[in-house]
Protein chains: 2
Amino acid sequence: MDPHLLRTFVTVAGTRSFSAAAQELGYTQSAVSQQIAALESDLGATLLHRRPVALTDAGARLLEHAGPILLRLSAARADVVRLSGEPAATVVLGATPFAGSTRVAAVLASVQRAMPRVRFTLLLTGRDAVAAGVATGTLDVGLVDGVTAPSDPLPLPDAGQLATSVLVENTAVVAFPAGHPFAGRRSLGLADLADATWIDAPDVATPLPQLRALAHSGGFRDGFCYPGTDTAGLLALVAAGAGLALLPGPVTHPGVVGVAVTLPRLVHRVELVHGSLTPPARVLAEAFRP
Amino acid sequence: MDPHLLRTFVTVAGTRSFSAAAQELGYTQSAVSQQIAALESDLGATLLHRRPVALTDAGARLLEHAGPILLRLSAARADVVRLSGEPAATVVLGATPFAGSTRVAAVLASVQRAMPRVRFTLLLTGRDAVAAGVATGTLDVGLVDGVTAPSDPLPLPDAGQLATSVLVENTAVVAFPAGHPFAGRRSLGLADLADATWIDAPDVATPLPQLRALAHSGGFRDGFCYPGTDTAGLLALVAAGAGLALLPGPVTHPGVVGVAVTLPRLVHRVELVHGSLTPPARVLAEAFRP
DNA sequence: TCCACGACATCAGTATTGCTTATCTCGGTA
DNA sequence: TACCGAGATAAGCAATACTGATGTCGTGGA
């Protein structure tokens, strides 16, 4: 199971086309066809239905493994390369939107002042992209925020070998439009809201599948998908009544009211995540710790 | 980073010899030398010192990644092959020694009676071997036991995609030789025993590194290494005063007394672990659930 | 119903890769 | 200093994995 074959398999599955995958990867269509055939004969199973291209059960199963494997492979490469490269004069900090708040800016500014020769960059993206970036070395340090049970770590994509430490914990709140029947409450249980409409904003708010897991129940249907990473945009949607969202408190946005979740006990947390640190990246990471 | 190269790298690191690794893998020494050279030039780093062969820092880092990657790779293969293979007429159950207790035998016997055409096998080994076996398809179903905090799952090697479910929880006890000053107590805290001598029996009792993590402290020096998987043998060592061990209660062995651990709160737990199940394996798995 | 077109499969040819055998080089040791 | 063991290097050859051309199948339009 050559990683090359795995990569073209993932691409074909993603584009649902051999030709498109070939173009994307810089191969001929013929090569892609042969690679998939090789994979299938190696595993002794049909991975894709043809015309139209669709995953078989076996293919779907393989796809679940392929992503993490490829991620880890490049994490390994990045990890080794980082060790042997010359000390970088640049540090890239990746953060999820709510994690990249005022304190981040203050810390970055002070560290920048302490090390004027180093070039710092702040990149705001989704949770998974931060974790993957840290694993593959695109990012030196990551800040990820999310909602979980007090004793659990934040769920991150499996890239292995990532050190995490808790930076901030505060209350998790559900964001309601002002005037919503629940908006006046002081606290609430998640299960009461299983029938409500939620905004599916996996990169800013709590992803819906995780929400269901936290509440130990189904429901939580999504009325609106928000793939962006802008917090104000999400809150505007909430204010407009497009749906609810589980967020870090306190919420300060006109027309939006945050109500703390008390059942189950939940916290919003910001975690610092990194692999092996270059010296300037280490300074930055230390600066974040209390 | 071809998995083949990774595999020979792991073998070379393990044997600390190019020639021995070549023999073990069925290559010539020349091939191994070229493979390592290819890996090093690909990553742009020296992975091994030569004469004598030893890991560089970069090599050590790569080695940490290589194991999990190779494991996941074969887990992926096994997972796909299992889906497309014909229904097997054989089920292999792997279990750690304390997990494979009386109830296991009873369940196996009754399932065997229900499906006389199917050939069942019970294999007792270490924790990691059970998890790896289930991931790679050598085992259909695994039973793993161990000690953790009540809210945490048992720590298993990262093979991804393994479903686990809790079967039994009971108290965790420290096994003392009769006459030990602590042997008369009704309960105790782990930290009190950080200075005691422990038996390092990673496949039967709680591994020492995990013990340190549970107690949030150092210490726990090992007086004796017990790599076997026989429970009676371990208890005999405890009775002889070779050291202590953290085990599932209750302990019934002449000369050994078990005292429950109450600080931190710990439980001994047996977990069922499996990948995708063949029909007869599913029946077996269901039979274990309460 | 038939044809044309789009999309994947197959085939032949070739460049590359990755092995083996043979030989060389280096470091430790008597 | 000479030898021996162990890894590096070189040349040759077989297997692999591309490209380009052609074949086959399903679909949509006339």
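Values in this document were obtained by computation on a predicted structure and should not be read as measured data. Naming convention: chains lettered A, B, ... in sequence-line order (proteins, then strands); numbering from 1 in each chain.
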Open item on the list: Check this for me: A:Q23, atom CD, are more than 12 non-hydrogen atoms of other residues, nucleotides or ligands nearer than 6.0 Å?
Closed with: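 It does not: A:Q23 CD has 12 such atoms or fewer within range.
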Open item on the list: With a 6.0 Å cut-off (strictly less than), is the heavy-atom count around CG of B:D57, excluding the residue itself, greater than 12?
Closed with: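 No, not enclosed.
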Open item on the list: By the 4.0 Å heavy-atom rule, please label B:V53 as base, sugar-phosphate, or nothing.
Closed with: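 Sugar-phosphate only.
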Open item on the list: Once side-chain hydrogen bond (donor to acceptor under 3.5 Å, both in side chains) is applied, do any residues pair with B:Q210, and if so which ones, sequence neighbours excluded?
Closed with: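 side-chain hydrogen bond (donor to acceptor under 3.5 Å, both in side chains) list for B:Q210, sorted by chain: empty.
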Residue pair [X] / [Y], side-chain donor-acceptor N/O under 3.5 Å:
{"X": "A:D140", "Y": "A:H274", "result": "no"}
{"X": "A:Q29", "Y": "A:S19", "result": "no"}
{"X": "B:E24", "Y": "B:T11", "result": "no"}

- [ ] Mind listing the residues from residues 12-20 of chain B sitting with a heavy atom below 4.0 Å of DNA chain D? Number order is fine.
- [x]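 Going residue by residue through residues 12-20 of chain B, the ones with a heavy atom under 4.0 Å of DNA chain D turn out to be B:S17, B:F18, B:S19.
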Task: With sequence neighbours excluded, residues passing side-chain contact (heavy atoms from CB on, under 4.5 Å) with A:T136 - done: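 Expected list: A:L71, A:S74, A:T138.
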- [ ] Return the set of residues passing salt bridge (charged side-chain N to carboxylate O under 4.0 Å, His left out) with B:R119 (not counting sequence neighbours), or none when no residue passes.
- [x]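 B:R119 satisfies salt bridge (charged side-chain N to carboxylate O under 4.0 Å, His left out) with no residue once adjacent residues are dropped.
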- [ ] Rounded to the nearest angstrom, tell me the gap between atom CZ in B:R50 and atom P in C:dG28.
- [x]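 Spelled out: CZ on B:R50 to P on C:dG28 is 16 Å.
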Task: Range on DNA chain D touched by chain B, heavy atoms, distance below 4.0 Å - done: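 From 5' to 3', the first and last contacting nucleotides are D:dG5 to D:dA10.
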Task: SB check A:R72 B:E64 (cutoff 4.0 Å) - done: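 No.
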TODO: Encode nucleotides 18-25 of chain C as B, S and - characters from 5' to 3', where the letter depends on protein heavy atoms closer than 4.0 Å: B to the base, S only to sugar-phosphate, - to neither.
DONE: -BBBB---
TODO: Search all heavy atoms of B:I36 against all heavy atoms of B:F9 and return the closest pair with its distance.
DONE: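 Looking at all heavy atoms of both residues, the closest pair is CD1-CA, 3.8 Å.
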